[in-house]
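What follows is a single structure, written as structure tokens, with notes after it.
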Amino acid sequence: MGRPPCCDKVGVKKGPWTPEEDILLVSYIQDHGPGNWRAVPTNTGLLRCSKSCRLRWTNYLRPGIRRGNFTDHEEKLIIHLQALLGNRWAAIASYLPERTDNDIKNYWNTHLHKKLKKLEANGVSSSSSHQPISKGQWERSSKLTSTWQSKLYVMPCPSISRTVPRRS
DNA sequence: AAGTTGGCCAACCGCCTGCGT
DNA sequence: TACGCAGGCGGTTGGCCAACT
């Protein structure tokens with residue numbers, strides 16, 4: 001028997017969120033806090049899957065999120081961290097607390113990846129030419145150190161509000 | 001003005017991990 | 001120890017919109 005779906009697909013709404021749904025979700029989380037996502041659709045009456053609720057909150061509704069143009073500093077940091085960590089967007093996002101992993105991933109795929117390719121085509125070496133830390137290296141470093149910051153071998157993160165990456 | 005193309009980004013999908021039992 | 005479930009993550013998709021022909 002295969003693994004059951006995360007939620008009942010029948011009667012679950014998909015697609016863009018409406019302002020009314022956003023209000024329901026935000027007011028519920030303001031009252032109860034994020035977490036226990038499975039209970040959110042039931043308690044709010046939202047016809048959404050729990051995953052969808054969590055995604056909407058973390059990527060769009062969560063307070064403190066900055067949207068729009070990335071600064072030069074953010075761009076350089078993303079390039080540096082991507083070269084260091086590879087496509088571990090959640091780990092990269094922990095260094096940019098105002099940005100979501102989805103935002104960073106989208107920005108990388110649409111802007112930076114092309115930009116770097118262009119630069120490399122022009123013979124300009126980029127930081128992405130470095131080898132990212134392999135999964136094995138990551139795991140080994142995790143055994144040697146206890147703090148999340150030390151795993152990265154880069155500057156300490158000013159505020160890590162998200163969970164540490166998996167396989168850490 | 002109408003049709004086509006390409007970029008952007010919100011959201012979905014499926015896999016993995018950690019935790020509780 | 002094994003199993004089931006919820007949450008987390010990265011890859012991918014699809015719809016919208018602006019630019020172009």
Side-chain angles (χ1 to χ4, degrees), chain A residues 1-26 28-29 32-44 46-71 74-75 77-119 128 131-143 146 148 151-152 157 160-168:
Chain A
M1 195 170 75
R3 195 195 146 130
C6 72
C7 49
D8 185 13
K9 300 279 179 186
V10 180
V12 173
K13 193 181 167 193
K14 287 185 185 179
W17 281 65
T18 63
E20 291 78 17
E21 288 176 312
D22 283 346
I23 291 165
L24 273 175
L25 182 58
V26 168
Y28 176 82
I29 290 171
H32 300 87
N36 195 11
W37 295 107
R38 198 169 135 76
V40 175
T42 316
N43 294 342
T44 57
L46 285 164
L47 300 174
R48 295 281 183 171
C49 157
S50 57
K51 277 187 174 186
S52 185
C53 295
R54 184 182 60 82
L55 213 60
R56 182 64 178 171
W57 172 256
T58 54
N59 287 338
Y60 201 86
L61 300 172
R62 187 164 55 96
I65 291 177
R66 193 148 59 90
R67 312 196 68 76
N69 293 345
F70 280 69
T71 64
E74 286 175 320
E75 194 175 302
L77 193 56
I78 292 166
I79 292 168
H80 175 72
L81 290 169
Q82 202 280 339
L84 203 65
L85 304 173
N87 295 353
R88 293 192 182 93
W89 305 116
I92 293 170
S94 69
Y95 280 79
L96 293 141
E98 295 179 323
R99 304 289 187 177
T100 68
D101 55 351
N102 208 35
D103 242 9
I104 293 167
K105 181 170 61 182
N106 281 331
Y107 189 67
W108 174 265
N109 288 332
T110 56
H111 293 87
L112 298 180
H113 196 54
K114 283 181 209 165
K115 205 171 172 177
L116 288 176
K117 274 195 169 181
K118 214 173 174 180
L119 283 173
S128 64
Q131 284 297 313
I133 296 172
S134 70
K135 218 173 180 177
Q137 284 174 306
W138 181 274
E139 280 163 2
R140 279 192 296 279
S141 72
S142 307
K143 284 173 190 164
S146 57
W148 159 228
K151 288 169 200 166
L152 289 171
C157 178
I160 301 171
S161 57
R162 299 166 68 92
T163 55
V164 295
R166 290 183 297 169
R167 311 295 311 142
S168 55

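First the proteins, then the strands, lettered A, B, ... as listed; each starts at 1.
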Requested in this report: Would you kindly give the CD1-to-P distance between Ile78(A) and dG10(C), to the nearest whole Å?
Outcome: 14 Å
Report task. Counting heavy atoms from C-beta on, name the nucleotide in dT12(C), dC15(B), dC9(C) closest to the side chain of Lys51(A). Result -> dC15(B)
Query raised in the report: Given dG10(C), is OP1 or OP2 found less than 4.0 Å from the side-chain N or O atoms of Trp108(A)?
Result: no
Requested in this report: Output the single nucleotide from dG7(C), dC9(B), dT12(C) whose closest atom is nearest the side chain of Asn109(A).
Outcome: dT12(C)
Requested in this report: Using atom types as modelled and distance alone, determine if a side-chain donor or acceptor of Arg48(A) lies under 3.5 Å from a backbone N or O of Pro41(A).
Outcome: no
Requested in this report: May I ask you to test the Ile92(A)-Asn87(A) pair for a side-chain heavy-atom distance under 4.5 Å?
Outcome: no
Query raised in the report: Distance check: side-chain N/O of Trp89(A) vs OP1/OP2 of dG11(C), anything under 4.0 Å?
Result: yes
Query raised in the report: Should Arg54(A) be listed as having a side-chain N or O under 4.0 Å from OP1 or OP2 of dG8(C)?
Result: yes
Query raised in the report: Atom CD1 of Ile65(A) to atom P of dC9(B): distance rounded to whole Å?
Result: 15 Å
Requested in this report: Determine, step by step, whether Glu21(A) and Arg56(A) satisfy the salt bridge (charged side-chain N to carboxylate O under 4.0 Å, His left out) criterion, reporting the C-alpha distance in whole Å, the side-chain angles of both residues, the deciding distance to 0.1 Å, and the verdict.
Outcome: CA-CA 10 Å; Glu21(A) 288 176 312; Arg56(A) 182 64 178 171; over 6 Å; no
**Report entry** Euclidean distance, atom CD1 of residue Ile104(A) to atom P of dC9(B) [Å, nearest integer]
**Finding:** 14 Å
Report task. Kindly assign one of parallel, tilted or perpendicular to the pair Phe70(A) and Tyr107(A), based on the angle between their ring planes and the thresholds 30° and 60°. Result -> parallel
Give me the distances for all protein-to-nucleotides 10-12 of chain B N/O pairs that come in under 3.5 Å?
from    : atom 1 : to        : atom 2 : distance (Å)
dA10(B) : OP1    : Arg67(A)  : NH2    : 2.8
dA10(B) : OP2    : Arg67(A)  : NH2    : 2.9
dA10(B) : N7     : Asn106(A) : ND2    : 3.2
dA10(B) : N6     : Asn106(A) : OD1    : 3.4
dA11(B) : OP1    : Trp17(A)  : N      : 3.0
dA11(B) : OP1    : Arg56(A)  : NH1    : 3.0
dA11(B) : OP2    : Arg56(A)  : NH1    : 2.3
dA11(B) : N7     : Asn102(A) : ND2    : 3.2
dA11(B) : N6     : Asn102(A) : OD1    : 3.0
dC12(B) : OP1    : Gly15(A)  : N      : 3.0
dC12(B) : OP1    : Arg48(A)  : NH1    : 3.3
dC12(B) : OP2    : Ser52(A)  : OG     : 2.9

**Report entry** Partners passing side chain to side chain contact (heavy atoms under 4.5 Å, CB included) against Arg54(A) (at least two apart in sequence or in another chain)
**Finding:** Trp37(A), Thr58(A)
Query - Value in whole Å for how far the P atom of dG11(C) lies from CG of Asp101(A) - result: 11 Å
Report task. Tell me, please, which residues at least two apart from Ile65(A) pass side chain to side chain contact (heavy atoms under 4.5 Å, CB included). Result -> Arg62(A), Arg67(A), Thr100(A)
Query - Minimum heavy-atom distance Trp57(A)-Pro34(A), with the two atoms named - result: NE1-CB, 3.9 Å
Report task. Could you tell me the separation between the OH atom of Tyr107(A) and the P atom of dC9(B), rounded to a whole number of Å? Result -> 10 Å
Query - Euclidean distance, atom CG of residue Leu112(A) to atom P of dG7(B) [Å, nearest integer] - result: 15 Å
